[in-house]
Structure formats: structure tokens, C-alpha cells
Amino acid sequence: MSELNIGLARRTHAWDLPPKDAIQLQEQLRTRVISSSLADESIQYVAGIDVGFPRNREIAHAAIVLLKYPSMELVDQGLAELPVSMPYVPGLLSFREIPVILAALEEITLTPDLLITDSQGIAHPRRFGLACHLGVLLDMPAIGCAKSILVGKHSTLRKMRGSTADLVDNGETIGSVVRTRDGVKPVYISIGHRVDLTSAVRIILNCGSGYRLPEPTRWAHKLASKKS
DNA sequence: GCGACAG
DNA sequence: ATCTTGTCGC
């Protein structure tokens, strides 16, 4: 059983809130986000997290893969399914996906040192994306690694792997655009919790180079979209 | 009023 | 997110 206090996280607040209430909660919880450097030496296991919606999208499937860092060796995994509690609303994704993610986290045996979610962290209208929400509730380092932008703009990016550009919104740097593979569309990295942008970018680039998505996200996505 | 809009 | 075949490129 995981040492994460998942029960506490799940009971922190309701998950089927009206948009107005969900937004108010985000404004309240955003003050808890911590930005601090995260050393490679403090990371033994990294969790890749993703959610999929089979059939008519009435049921959500979550997948957790635990990989050794930085070797990216698969050491554990967890799966869970749960009826969806809310529709998809841009900016309120966490309320729809975190319940099933918590259920999947209960299925893993080892305790992760870092969570990587297929979502935004502070690169969010209210600076409180899914990665922040999950990280804060579990009080665990978390990084948002998204495939597209929710808010913010950036300059053109060089074509080589490792190139980066600031993601800016209202004059504020909210994330980093990172080329994880030569000539391929970049990913969008932002702070979730207990990590800073520099550490987050370094860690993501240490999580594989053969594909656009870092290994944890790639493995989790494959597992979540696969039916059983 | 008209787009934009993580997954 | 999900529905889907072929096809361009290394």
C-alpha cells in the first residue's frame, strides 16, 4: 500500500462542484502551491499519470506507471476506473480527472517521489492546473507536462532537442516550451508543486529522448488507453 | 459580441 | 479526450 495519504486528498473537498464553486476553490488552493528546486538525487521513483475515456466517455480510466529515475525502468503500475463526476470544462480539468487518478494511485505498492501528469500546472488561467491540484492535495512534487497550451504565448523555438522558450501570460513566465526531440512538436512544462521551472525542465529532459512525450507520460498514456 | 479553450 | 486509413519520412 502506498504511503501517500490518498484518503485525505479525496476528502479535502467535493469533486462534483458547479463551475463557480470550483473556481472559488481554485483561487483558495492556489496559495498553497510551493516552488522550490528538486534535486535529481532526491528522486528514486517517478510516477507517470494519464486518464482515458473508453466507450461513451461515461467511465474514466486512470493509469499510473512507476519508473526508476533516471533509468526509466518500469517498476510498478496501477489501474482504476470510475464514473465521471463532471464534464470537461477548460480550466476545471482537475475536478474531472483527479478522483480516478487517486483511485489508481491506491493500486501501486511503491511510493513515488514525483508525479508527472499529462496536464498544466501553474500555466493555467488561475495558476492552478491539474498538476498543482494533485500535488497540493498529496503534498508531493508534481510537474505538468502538456501536449498543448491552455493559456500563454511563446516565441519560436529552435528545432533541436533541449531547446526551450518561456511560456508567458500577462507578462508573467508561467512555464517552459520544451523540445524533447529534434524537429518534433514541443511539450509544455509548468510547475505543479514543490518543484521550480528549472528543475522541472531538467527532469523532463532526463526522462527519455526517443519520443516526443517523456517516458512516464508515454507509458501511462499507453496503459490508460488500452482496454481490458 | 467573437474566438479560444489542458484532456 | 475520442472517432479512424492511408501515407510520408527516416
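By convention in this document, chain letters (A, B, ...) are assigned in the order of the sequence lines, proteins followed by strands, and residues within each chain are numbered from 1.
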For this session: Identify which nucleotide among B:dC5, C:dA1, B:dG7 has an atom closest to any side-chain atom of A:Arg57, counting heavy atoms from C-beta outward.
Result: C:dA1
Exercise. To the nearest Å, how far apart are A:Ile59 CD1 and C:dT2 P?
Worked result: 14 Å
Exercise. More than 12 non-hydrogen atoms from neighbouring residues, nucleotides or ligands closer than 6.0 Å to NZ on A:Lys68, yes or no?
Worked result: yes
Exercise. Are A:Tyr88 and B:dG7 stacked, counting the six-membered base ring, centres under 5.5 Å, planes under 30°?
Worked result: yes
Problem set entry | A:Lys147 vs B:dG7: side-chain N/O to OP1/OP2 distance below 4.0 Å | yes
Exercise. Counting only side-chain N and O atoms of A:Ser148, is one of them less than 4.0 Å from OP1 or OP2 of B:dG7?
Worked result: yes
For this session: Return the value, rounded to whole Å, for the distance between atom CG of A:Leu93 and atom P of B:dA4.
Result: 20 Å
Exercise. Nearest-Å distance, CG (A:Asp50) to C1' (B:dA6)?
Worked result: 12 Å
For this session: Give the rounded distance in Å between these two atoms: NE2 of A:His124 and P of B:dA4.
Result: 19 Å
For this session: Look at atom CD of A:Glu172 and say whether more than 12 heavy atoms of other residues, nucleotides or ligands are closer to it than 6.0 Å.
Result: yes
Exercise. Hey, are the side chains of A:Lys147 and A:Thr217 touching, using non-hydrogen atoms and a 4.5 Å cut-off?
Worked result: no
Exercise. In whole Å, what is the span from the CZ atom of A:Arg126 to the C1' atom of B:dA6?
Worked result: 12 Å
For this session: Starting at atom CD1 of A:Ile149, determine the distance to atom P of B:dG3, rounded to an integer number of angstrom.
Result: 21 Å
Problem set entry | A:Asp169 CG - B:dA6 C1' separation (whole Å) | 14 Å
Exercise. Is there a donor-acceptor pair under 3.5 Å between the side chain of A:Arg179 and the backbone N or O of A:Leu157?
Worked result: yes
Exercise. Which whole-number value in Å describes the distance from A:Phe53 CZ to C:dT2 P?
Worked result: 8 Å
